[in-house]
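Reminder, nothing fancy here: chain letters follow the sequence lines and each chain counts from 1.
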Number of protein chains: 2
Amino acid sequence: MSKSLAKASPPTSGDATERILAAAEKLFAESGFDAVSMNAVAELAGVSKANIFHHFSSKNALYLAAMRNACRRSTPLMDNLEGTSGTFVERLHHFARAHLAHLLENEQTSRLIQREVIENDPQRCQELAEQVFGDNFARLVAIMRSGQQRGELRADVDAGMVATLLIAANMFFFQSREVSRHLPDVTHLSDDPAAYSKLLVDILMHGILPPKQS
Amino acid sequence: MSKSLAKASPPTSGDATERILAAAEKLFAESGFDAVSMNAVAELAGVSKANIFHHFSSKNALYLAAMRNACRRSTPLMDNLEGTSGTFVERLHHFARAHLAHLLENEQTSRLIQREVIENDPQRCQELAEQVFGDNFARLVAIMRSGQQRGELRADVDAGMVATLLIAANMFFFQSREVSRHLPDVTHLSDDPAAYSKLLVDILMHGILPPKQS
DNA sequence: GTCTATATAATGATAGAC
DNA sequence: GTCTATCATTATATAGAC
């Protein structure tokens, strides 16, 4: 029995550190930093409170570790966009749908990041921008610019603004679902992300003005 | 000296109940429900903690009262939109600018509502939708529809989706300013809401596809 | 209506046995 | 690494004088 084989029977699933991180991510995402007690994390993770403090120096350290963990897992979203084939419209539509689906499938992480964004702490927001969103957003903008160079997209629109609008629409869908459900004019969309993406891309592509008739 | 004139010397400004509500709104907006202690509210309002419990039965009751107060104050935003003259494009541009300015000027209320939205409590979200957003959103959609009937706007776009997109873009600007500041491709916008609105309306109106060349 | 003083519970964090 | 037991602090909420 070599010493490296000794730890083959985890108490519940994964080692304690992972279970603590998973519990913390879930609870922080659901309720926010202040509403979550170390007691609650310990209970959900199936360890003692003191054990958490053995692995993480403070509640804040645990929160940051859970955040980094979630962000790291959330990064490779964009990887399929650049490889996608088809017209520019099709590729953008594909991205819009994939991005929204990603937000909804990883609801926990999305909420965690969203909470962090609205907290508005300058340093934390800078870290988020540079370490989490930066690359993906830049790649989305680059795709817009390449579309412009190829003439598939108006040359005089602001590429950053187009990307922003797309992300904004999806974030809004994600975070306002529960409210939209009770607004008569958009009820039909709040449960149908695919339909939402279709309408979004349609407007984004063609605008809302009537076609010229002269 | 009639009895109705007796209370003409407020301790700081407004009566205690108002000062408590103002303090609560500010602190809840800044930090969220759980991060705010009744002690902090009492200190900012210049009253004793016990006095707050005399006016409000619990911390939660205080929070709800502050929310309702803030929402009530935030309602009459839309009132100038319908009266505005000019082309449909001009009116929509005017609304986009006014709405974003409103969010930024009433940052406290905007944040308070935003926190409530992401909390996602079904009942609270329904109340928000029906009592706060409902009317204004419906009026915005109605304006879109009337624009469609007059031929100033494509008849086959979803009016609710256009309205959603407009609100989404503005909400996103408001809540992501601090992050956008560190995204290279949109830095130029995060401090210039007017420029943001202009780009937004341009894209919304004309779309991003190049004009037909045949 | 407003205060001081207090009750009671829960919080984040630590000590020290195993 | 994990636990039980405990610390000091702070929280919401109440009692009762004025």
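Counting only heavy atoms from C-beta on, B:Ser58 has its side chain closest to D:dA13 among D:dA13, C:dA13, C:dC3. Nearest nucleotide to the B:Ala50 side chain, out of D:dT4, C:dA13, C:dC3: C:dC3. Listed nucleotides: D:dT12, C:dC3, C:dT2. Nearest to the side chain of B:Val47: C:dC3. The nucleotide whose nearest atom lies closest to any side-chain atom of B:Ser48 is, among C:dT4, C:dG1, D:dA13, C:dT4.
In the model, A:Tyr63 has no side-chain atom that pairs as donor or acceptor with a side-chain atom of A:Glu25 under 3.5 Å. For the residue pair B:His188 / A:Asp158, a side-chain donor-acceptor distance below 3.5 Å is found, with atom types taken as modelled. With 3.5 Å as the limit, one finds no donor-acceptor pair spanning the side chains of B:Gln175 and A:Gln114.
D:dA13 atom C1' lies 5 Å from atom CZ of B:Phe53, rounded to whole Å. The distance between atom CZ of A:Phe56 and atom P of D:dG1, rounded to the nearest whole Å, is 12 Å. Distance, A:Asn51 CG to D:dT4 C1': 13 Å, rounded to whole Å. To the nearest angstrom, C1' of C:dA15 lies 14 Å from NE2 of A:His54. Going from atom NZ of A:Lys49 over to atom P of C:dA10 covers 11 Å, rounded to whole Å. We find that CD of A:Glu43 is positioned 13 Å from P of D:dC3, with the value rounded to whole Å. In this structure, CG of B:Asn39 is placed 13 Å from P of D:dA13, rounded to the nearest angstrom. Between B:Leu62 atom CG and D:dA13 atom P the separation is 10 Å, expressed in whole Å.
Of the residues in residues 31-38 of chain B, those placing a heavy atom less than 4.0 Å from an atom of DNA chain D are B:Val36, B:Ser37, B:Met38, in numerical order.
The pair B:Glu119-B:Arg124 does not meet the salt-bridge criterion, since no charged nitrogen lies less than 4.0 angstrom from a carboxylate oxygen. B:Glu30 and B:Lys26 are joined by a salt bridge, as a carboxylate oxygen and a charged side-chain nitrogen come within less than 4.0 angstrom of each other.
One finds the CD1 atom of B:Ile208 at 8.5 Å from the CD atom of A:Gln148 (value rounded to the nearest 0.5 Å).
The cationic atom of A:Arg97 (NZ for Lys, CZ for Arg) does not lie both less than 6.0 Å from the six-membered ring centre of A:Phe95 and within 45° of the ring axis.
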